[in-house]
Amino acid sequence: MRKLFALTACALPLFLWSCGGNQEKSQQTETAATTESTASDTASAASESSSTVVITSNDQMRFDLDQIKVKAGQLVTLTLKNVGVLSKEAMGHNWVLLKPGTDVAAFAMEAMSHKQNEFIPASSNAIVAHTKLLGPDESDTITFTVEKGEYEFICSFPGHYGIMRGTLIAE
């Protein structure tokens, strides 16, 4: 009797398969493959319509990137990481993206008087986007979009803009 049960248990899946009982499993596999393909296509489309940038700042008053290229109209996610060890009060860093044509020196002079706002002039219309002011081992992530053009970015901590600057190019 045991052998008959074992034979029946083994034969049942074979019987179902030969009679088409495995169609449901086949349809589930096709559905899973289609879902994976759609998810992959969606992720690919999202990566084409957005850009991720990581930039670091350090105690030598330097950004590790002096040029960033993105697509115009594309969502940009930018993370600034302060890899320095000096205190925020002595060597804080931020990343400020300025509109094309902005007088960088005049903006930086204005920013110096806004310590209470992390050296970001609240009334300025020259800013496209900015991070918060960071101390050692801190990071901040922002998102923004830009139109076609060239934009300057700086650190607005007093005295840093002279060498902590670069260009974002939106093509």
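Atom set for the values below is all heavy atoms of this structure, side chains included, hydrogens, waters and symmetry mates excluded. FYI, the numbering just counts along the sequence from 1.
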Quick check for you: to the nearest 0.5 Å, what is the distance between [X] atom [atom1] and [Y] atom [atom2]?
X: His130; Y: Ile154; atom1: NE2; atom2: CD1; value: 12.0 Å
X: Thr141; Y: Lys81; atom1: OG1; atom2: NZ; value: 8.0 Å
X: Thr77; Y: Gln74; atom1: OG1; atom2: CD; value: 9.5 Å
X: Ser139; Y: Asn82; atom1: OG; atom2: CG; value: 9.5 Å
X: Phe63; Y: Gln60; atom1: CZ; atom2: CD; value: 13.5 Å
X: Asn58; Y: Asp64; atom1: CG; atom2: CG; value: 8.5 Å

State, yes or no, whether a side-chain contact exists between [X] and [Y] at a heavy-atom distance under 4.5 Å.
X: Asp66; Y: Thr167; result: no
X: Trp95; Y: Cys155; result: no
X: Glu110; Y: Ser123; result: yes
X: Met61; Y: Met91; result: yes
X: Leu134; Y: Ser57; result: no

Give the cluster check for [X] versus [Y]: same hydrophobic cluster or not, with ILVMFWY residues linked at side-chain heavy-atom distances below 4.5 Å.
X: Met164; Y: Val53; result: yes
X: Leu133; Y: Met109; result: no
X: Ile68; Y: Val96; result: no
X: Ile55; Y: Ile163; result: yes
X: Phe157; Y: Ile142; result: no

Counting distance only, does the side-chain N/O of [X] pair as donor-acceptor with the main-chain N or O of [Y] below 3.5 Å?
X: Ser124; Y: Ala126; result: yes
X: Lys69; Y: Glu171; result: no
X: Thr143; Y: Val76; result: no
X: Asp140; Y: Leu80; result: no

For this session: For residues Tyr161 and Phe107, establish whether the separation of their ring centroids is below 6.0 Å.
Result: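 No, ring centres 6.0 Å or more apart.
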Looking at every non-hydrogen atom in both residues, tell me the closest pair between [X] and [Y] and how far apart they are.
X: Ala72; Y: Lys148; result: CB-N, 3.5 Å
X: Gly84; Y: Pro136; result: O-CB, 3.1 Å
X: Ile127; Y: Pro121; result: CD1-O, 4.1 Å
X: Gly92; Y: His160; result: O-CE1, 3.4 Å
X: Met112; Y: Gly159; result: SD-N, 4.5 Å

Exercise. Hey, is Arg165 close enough to Glu152 for a salt bridge, meaning N to O under 4.0 Å?
Worked result: yes
Problem set entry | Lys88/Glu118 salt bridge by N-O under 4.0 Å criterion | yes
Problem set entry | Qualifying residue, where the test is side-chain contact (heavy atoms from CB on, under 4.5 Å) with Val128 and the options are Leu97, Leu168, Leu98, Thr145 | Leu97
For this session: Please lay out, stage by stage, how Gln67 and Ile169 fare under the test side-chain contact (heavy atoms from CB on, under 4.5 Å).
Result: CA-CA 7 Å; Gln67 187 178 78; Ile169 302 167; 3.3 Å; yes
Exercise. Are Asn94 and Thr131 close enough that a side-chain donor and a side-chain acceptor fall under 3.5 Å?
Worked result: no
